[in-house]
2 protein chains.
Amino acid sequence: MAAGKPRTRIQQKNNAAILEAALEVFSAHGFRGATLDQIARAAGLSKPNLLYYFASKEAIHVALLGALLDNWLDPLRALDARGDPVEEIVGYVMRKLDMARAMPRESRLFANEIVQGAPRILDKIKGPLKTLVDEKAVLIRGWAGAGRIAAVDPYHLIFSIWATTQHYADFDVQVRGILAPAGEAHFADAATFLSHLYRRALATP
Amino acid sequence: MAAGKPRTRIQQKNNAAILEAALEVFSAHGFRGATLDQIARAAGLSKPNLLYYFASKEAIHVALLGALLDNWLDPLRALDARGDPVEEIVGYVMRKLDMARAMPRESRLFANEIVQGAPRILDKIKGPLKTLVDEKAVLIRGWAGAGRIAAVDPYHLIFSIWATTQHYADFDVQVRGILAPAGEAHFADAATFLSHLYRRALATP
DNA sequence: CGTGTTCCTGACCGTTTGGTCAAACTCTTT
DNA sequence: AAAGAGTTTGACCAAACGGTCAGGAACACG
């Protein structure tokens with residue numbers, strides 16, 4: 001079983017194939033809605049073979065979430081105290097929007113998990129995620145205190161950025177349904193709008 | 001069976017109890033994650049009795065979504081061409097935020113459905129919802145054209161309002177996890193922030 | 001080549017799930 | 001009070017599900 005890191009080439013390949021397949025299936029149907037058979041088929045393996053690599057369905061899910069959470073937070077981590085405040089935050093919005101476009105499955109995976117109460121990653125939310133957000137909130141509050149951006153609540157600013165950007169991944173079906181048949185380039189329009197929104201909101205008078 | 005509208009008092013009572021129970025269970029676990037036994041228990045009925053009132057699990061879900069969609073769109077419908085543009089839009093944001101606080105289960109029900117591809121309400125999204133949004137988009141675009149608000153894409157403005165407000169219902173666990181132990185009054189803070197955000201974004205120079 | 005380890009599979013199992021059904025109970029109506 | 005419609009239930013079913021297991025196939029290595 002793959003408790004630690006994969007050791008052989010076959011383990012590496014199959015482990016990756018399983019996580020890729022699990023991302024596809026879990027993000028589309030949620031934890032409960034996904035089945036081991038679906039994941040196995042998507043990974044090109046038999047069900048017992050799946051369970052040779054991962055002890056259980058839940059183990060796959062946990063491994064997947066753990067492997068992705070770090071990358072998911074990279075854009076926020078990159079928020080730089082030395083840069084221009086407005087440009088830093090708008091840049092963060094753009095990076096987050098780009099992730100929603102390039103990695104919608106990852107976004108939906110987290111959305112599914114959190115909407116249903118985050119039973120499997122609540123500790124990571126209250127731990128590493130909260131720590132990171134707290135840290136960046138201090139930074140943003142500092143910018144506001146120094147008069148370099150408008151005085152806004154840093155936590156709700158971050159929440160709004162998450163909400164507006166991830167919306168294009170999580171609610172993709174709705175967005176397309178309303179914009180259709182026009183708007184195939186709706187990510188570009190979203191970037192324009194969000195850039196305007198946050199520049200205006202953060203500008204100092 | 002309750003194909004049409006309920007006729008007897010018992011039917012009225014049980015129908016309502018079932019929809020209330022279904023809202024509770026579906027919103028917390030998603031369609032696939034919810035079981036008929038759970039719903040039946042929450043409604044105080046036996047499982048076969050549930051199926052006396054609704055033909056199937058899916059029928060309950062569809063009935064629930066249909067019954068709620070109208071109320072869900074009321075705040076947007078109330079957007080009034082005769083009012084002050086900025087106040088109308090900010091008022092819409094506040095009403096939507098208040099719904100997220102007062103009706104989080106309804107919000108999560110829709111979130112669950114749409115994240116997983118909206119298999120059961122895609123037609124309503126492309127139909128009545130799109131029609132309503134198109135109509136309000138014309139109104140907002142008119143305001144922008146007349147220079148009464150800043151020139152913004154009305155569709156992405158509406159998307160951002162949905163995203164930022166529903167975020168507090170759909171991602172409630174995450175919000176609380178990050179704000180804890182402080183911030184029990186986080187809806188008031190959210191209102192302040194969003195009011196600032198949209199006033200700034202829409203103000204004319 | 002042989003041998004031990006890793007990898008893979010078909011058959012199987014217990015449980016849960018959505019759904020059925022005949023029979024019984026209850027309420028309303030005359 | 002009797003009939004008939006409306007309501008409820010326990011027992012049951014087939015399918016799907018997560019997971020197990022004994023053994024066989026493929027591979028690495030001396």
Side-chain angles (χ1 to χ4, degrees), chain A residues 1-65 112-113 116 119-120, chain B residues 1-65 112-113 116 119-120:
Chain A
M1 300 99 178
K5 287 288 158 187
R7 308 198 163 274
T8 75
R9 261 166 295 158
I10 295 182
Q11 271 176 31
Q12 263 180 43
K13 195 193 66 173
N14 284 347
N15 238 298
I18 291 170
L19 290 179
E20 159 66 25
L23 173 59
E24 186 72 25
V25 177
F26 279 135
S27 68
H29 306 290
F31 180 77
R32 189 60 154 56
T35 71
L36 288 178
D37 290 279
Q38 272 180 303
I39 299 172
R41 205 180 318 129
L45 300 174
S46 67
K47 188 170 62 168
N49 204 10
L50 251 200
L51 294 163
Y52 171 74
Y53 288 97
F54 288 90
S56 66
K57 182 184 180 181
E58 179 143 357
I60 302 177
H61 198 244
V62 170
L64 190 59
L65 287 168
N112 262 308
E113 181 69 6
Q116 299 186 11
R120 278 166 276 272
Chain B
M1 301 101 179
K5 286 290 158 189
R7 307 195 167 277
T8 76
R9 263 167 294 158
I10 295 181
Q11 272 176 29
Q12 263 178 45
K13 195 193 64 172
N14 284 347
N15 238 298
I18 291 171
L19 291 180
E20 159 66 25
L23 173 60
E24 186 72 25
V25 177
F26 279 135
S27 68
H29 306 290
F31 179 77
R32 187 62 151 58
T35 71
L36 287 178
D37 289 279
Q38 273 180 302
I39 299 172
R41 204 180 320 127
L45 300 174
S46 66
K47 188 169 62 169
N49 205 9
L50 251 200
L51 293 164
Y52 171 74
Y53 289 96
F54 289 90
S56 67
K57 183 185 181 181
E58 179 144 357
I60 301 176
H61 199 243
V62 169
L64 189 59
L65 287 169
N112 262 309
E113 179 70 6
Q116 298 186 12
R120 277 166 277 272

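To find a chain, count down the sequence lines: A is the first, B the second, and so on, and within it residues start at 1.
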Outermost DNA chain D nucleotides near chain A [under 4.0 Å, heavy atoms]: dC17(D) to dA28(D)
If each of S46(A) and P48(B) is mapped to the nucleotide of DNA chain C with the nearest heavy atom, which maps nearer the 5' terminus, i.e. the 5' end? S46(A)
Please step through side chain to side chain contact (heavy atoms under 4.5 Å, CB included) for the pair F31(A) and Q116(A), ending with a clear verdict. CA-CA 10 Å; F31(A) 180 77; Q116(A) 299 186 11; over 6 Å; no
Roughly how far apart are I18(B) CD1 and Y53(B) OH, rounded to 0.5 Å? 7.0 Å
How close or far is atom C1' of dT9(C) from atom CG of L45(A), stated in whole angstroms? 12 Å
Contact check, side chains of L64(A) and R120(A), non-hydrogen atoms, under 4.5 Å: no
Hey, are the side chains of S56(B) and H61(B) touching, using non-hydrogen atoms and a 4.5 Å cut-off? no
Residue met sooner reading DNA chain D from 5', once S56(A) and K13(B) are mapped to nucleotides: K13(B)
Over all atoms of both residues, closest heavy-atom pair of [X] and [Y]:
{"X": "I60(B)", "Y": "A22(B)", "result": "CG2-CB, 3.5 Å"}
{"X": "F26(B)", "Y": "N112(B)", "result": "O-ND2, 3.8 Å"}
{"X": "L23(B)", "Y": "S27(B)", "result": "O-OG, 2.7 Å"}

Bend of the helix from dC1(C)-dG30(D) to dT30(C)-dA1(D) from end-axis comparison, five pairs per end, nearest 10°, comes to 10°
Hey, can you pull the donor-acceptor pairs under 3.5 Å for the side chains in residues 42-50 of chain A, sequence neighbours left out?
from   : atom 1 : to     : atom 2 : distance (Å)
S46(A) : OG     : N49(A) : N      : 3.3

Where do N or O atoms of nucleotides 4-7 of chain C meet protein N or O atoms at under 3.5 Å, pair by pair?
from   : atom 1 : to     : atom 2 : distance (Å)
dC7(C) : OP1    : T8(A)  : OG1    : 2.4
dC7(C) : OP2    : Q11(A) : NE2    : 2.5
dC7(C) : OP2    : Y52(A) : OH     : 3.2

side-chain contact (heavy atoms from CB on, under 4.5 Å) partners for A63(A), two or more places apart: L19(A), F54(A)
With sequence neighbours left out, the residues meeting side chain to side chain donor-acceptor pair (under 3.5 Å) with E58(A) are none
Under the rule for side chain to side chain donor-acceptor pair (under 3.5 Å), what residues qualify as partners of R41(A), not counting sequence neighbours? none
What pairs of residues pass the salt bridge (Lys or Arg N to Asp or Glu O under 4.0 Å) test when at least one of them lies in residues 21-30 of chain A, not counting sequence neighbours? E24(A)-R105(A)
Residues in ring-ring contact (aromatic ring centres under 6.0 Å, His included) with H29(B), at least two apart? none
Report all interatomic pairs (protein N or O, nucleotide N or O of nucleotides 13-17 of chain C) with separations under 3.5 Å.
from    : atom 1 : to     : atom 2 : distance (Å)
dT17(C) : OP1    : R32(A) : NH2    : 2.9

